[in-house]
Amino acid sequence: MNKQTVTNLSKLPNIWTKHTIKPKVFSEFDLHSDNRGFLNPKFEGIDSGTLGTAIDLGARYLILNDDRAFDNAKIGAFNYDLNSNINQVNLKQWYIEIGDTKTANELSKPLDNAAFHFNLNKGVLENARKIPLKNLERSHCESLITMAFFESCFRSRQALDYDIPFGLDRMSFSRIRTMLQRCANFFRKYGVPTHIDYTVTANNVFGDGDYLSENYVADFKTYKRSPLDKPYNRRQILLYYAIGKHEQKYPEFQIARQLIFFNPRTDKVYSVNVDDISPDLINYYIEIANNSVSDETKN
């Protein structure tokens, strides 16, 4: 039986019915990290998915000093170059077939453009660790965007069909810096996690969550609106908690008191005490995670 990810399982439409945590059970708090309020993505010059990944990588590397934050991005850079070289080999063969050996010979050198830029931007971000977040420069944030692009190449298992991003508009740069400062404020108030990018596994599902500590299971969502608006977000974080508690791989799951969403775009925290979640609901999620989901149920 093929396992699926926690994210995909949480999005299946017909297995959950009303089995989820209601939005009204969550408490909402404004962290008041600054006076800038809601940061509308309408005015940013980069897609929200890439920016959200950049915030995640920046929080892990610059704030929490996670030296493994760019492991996936490094593999993504390799995928980018590998795909580029395969395309180049095919193009070279085409030039040979049409008799243009001069152009074909010019295409003989292997490409390592992405690997070069990975190492270049990793060096820029190593220097960024030495300065306060409020002093981050545009070049530092551009390096985070490049790493986010390589992370996307890793998750897609191939090179995406656009160039490595270099330039970053002033608005997007300012937003990234502000949201990273908000992330730092979250960790000051709620404590740093003991595990970053933790993993959970059950018979039917696997996944990697954002942050785990003795106090919380936290997921960062860079959305325009509340993450509670999407039911699969609420299912997803409860799946992480239920599987983690049942699996007993991390002792923190046995004592964590809250499930938390943090949105650095709005600077808001949404939390629910685990004691306020029905044990029957938690057991239902464990049952779903440990039993195969039939094709009829998926449809």
Side-chain angles (χ1 to χ4, degrees), residues 31 33-34 36 39 41 43-81 84 111-155 159-160 162-198 208 210-211 218 220 222 262 264-265 267:
L31 288 190
S33 303
D34 50 61
R36 298 189 64 182
L39 305 177
F43 305 107
E44 295 162 2
I46 190 163
D47 69 275
S48 58
T50 301
L51 188 143
T53 300
I55 297 301
D56 175 58
L57 294 176
R60 290 176 56 184
Y61 189 75
L62 298 177
I63 300 171
L64 299 173
N65 295 311
D66 178 14
D67 289 328
R68 300 190 60 185
F70 302 132
D71 284 0
N72 291 345
K74 186 174 183 179
I75 299 172
F78 171 81
N79 289 346
Y80 185 95
D81 281 336
S84 298
L111 299 174
D112 61 355
N113 186 49
F116 168 80
H117 283 287
F118 174 86
N119 291 323
L120 177 67
N121 288 282
K122 177 75 180 299
V124 171
L125 292 167
E126 286 174 355
N127 290 329
R129 272 181 162 178
K130 304 172 184 177
I131 62 176
L133 291 174
K134 65 179 182 179
N135 293 337
L136 286 179
E137 299 177 359
R138 188 177 304 193
S139 61
H140 301 135
C141 296
E142 287 173 342
S143 291
L144 282 175
I145 292 296
T146 301
M147 291 303 196
F149 166 73
F150 289 144
E151 176 87 13
S152 298
C153 290
F154 166 78
R155 296 192 180 278
L160 303 183
Y162 51 86
D163 293 334
I164 298 173
F166 299 107
L168 191 63
D169 63 281
R170 183 174 180 179
M171 175 66 75
S172 299
F173 152 58
S174 175
R175 294 288 177 77
I176 291 172
R177 186 169 60 185
T178 297
M179 283 190 266
L180 286 175
Q181 289 176 276
R182 289 177 173 183
C183 291
N185 189 40
F186 171 88
F187 291 123
R188 279 193 296 269
K189 293 193 175 186
Y190 285 84
V192 297
T194 51
H195 297 284
I196 303 168
D197 198 30
Y198 64 87
D208 54 333
D210 287 352
Y211 306 109
F220 283 20
T222 310
F262 174 58
R265 186 176 290 285
D267 202 27

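Just so you know, these numbers come straight off a predicted model, no measurement behind them. Computed from heavy atoms alone, side chains included, the values below leave out hydrogens, waters and symmetry copies.
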>> Are more than 12 heavy atoms, taken from residues, nucleotides or ligands other than Arg68, located less than 6.0 Å from that residue's CZ atom?
In response: no

> What residues, two or more places apart in sequence or in another chain, satisfy salt bridge (charged side-chain N to carboxylate O under 4.0 Å, His left out) together with Arg177?
Replying inline: none

> Taking C-beta and beyond as the side chain, do Thr50 and Thr53 meet within less than 4.5 Å on heavy atoms?
Replying inline: no

>> Looking at every non-hydrogen atom in both residues, tell me the closest pair between Ala148 and Ala54 and how far apart they are.
In response: CB-N, 3.7 Å

> So which heavy atom on Phe118 is nearest to which on Ala73, and how close?
Replying inline: CE1-C, 3.9 Å

>> The test is side-chain contact (heavy atoms from CB on, under 4.5 Å); show your working for Gln181 and Asp34 and say whether it passes.
In response: CA-CA 9 Å; Gln181 289 176 276; Asp34 50 61; 5.9 Å; no

>> Within this structure, what is the CG-OG distance for the pair Leu120 and Ser143, rounded to the nearest 0.5 Å?
In response: 6.5 Å

> When rounded to the nearest 0.5 angstrom, what is the spacing between CG in Leu62 and CG in Leu136?
Replying inline: 6.0 Å

> Below 4.5 Å, heavy atoms only, C-beta onward: do Arg182 and Arg265 meet side chain to side chain?
Replying inline: no

> Any side-chain heavy-atom pair from Asn185 and Phe262 closer than 4.5 angstrom?
Replying inline: no

> With distance as the sole criterion, is a donor-acceptor pair present between the side chains of Thr222 and Arg175 under 3.5 Å?
Replying inline: no

> Which pair of non-hydrogen atoms, one from Leu57 and one from Ala69, has the smallest distance, and what is that distance?
Replying inline: CD2-O, 3.4 Å

> To the nearest 0.5 Å, how far apart are OG1 in Thr178 and CZ in Arg36?
Replying inline: 3.5 Å

> How close do Asn72 and Glu151 get, heavy atom to heavy atom, and via which atoms?
Replying inline: CB-OE1, 3.3 Å

> Is the distance between the ring centroids of Phe220 and Tyr211 less than 6.0 Å?
Replying inline: yes

>> How long is the straight-line distance from CE of Met171 back to CG of Leu39, given to the nearest 0.5 Å?
In response: 9.0 Å

>> Tell me the closest heavy-atom pair linking Asn121 and Thr146, and the distance in Å.
In response: ND2-CG2, 3.6 Å

>> Contact between Met179 and Leu51 at the side-chain level, heavy atoms closer than 4.5 Å - yes or no?
In response: yes

> About how many Å separate OG of Ser172 and CD1 of Ile145, when rounded to the nearest 0.5 Å?
Replying inline: 7.5 Å

> Roughly how far apart are Ser33 OG and Leu180 CG, rounded to 0.5 Å?
Replying inline: 12.0 Å

>> Looking at every heavy atom in both Cys141 and Ile176, which two are closest together, and how far apart are they?
In response: SG-CG2, 3.7 Å

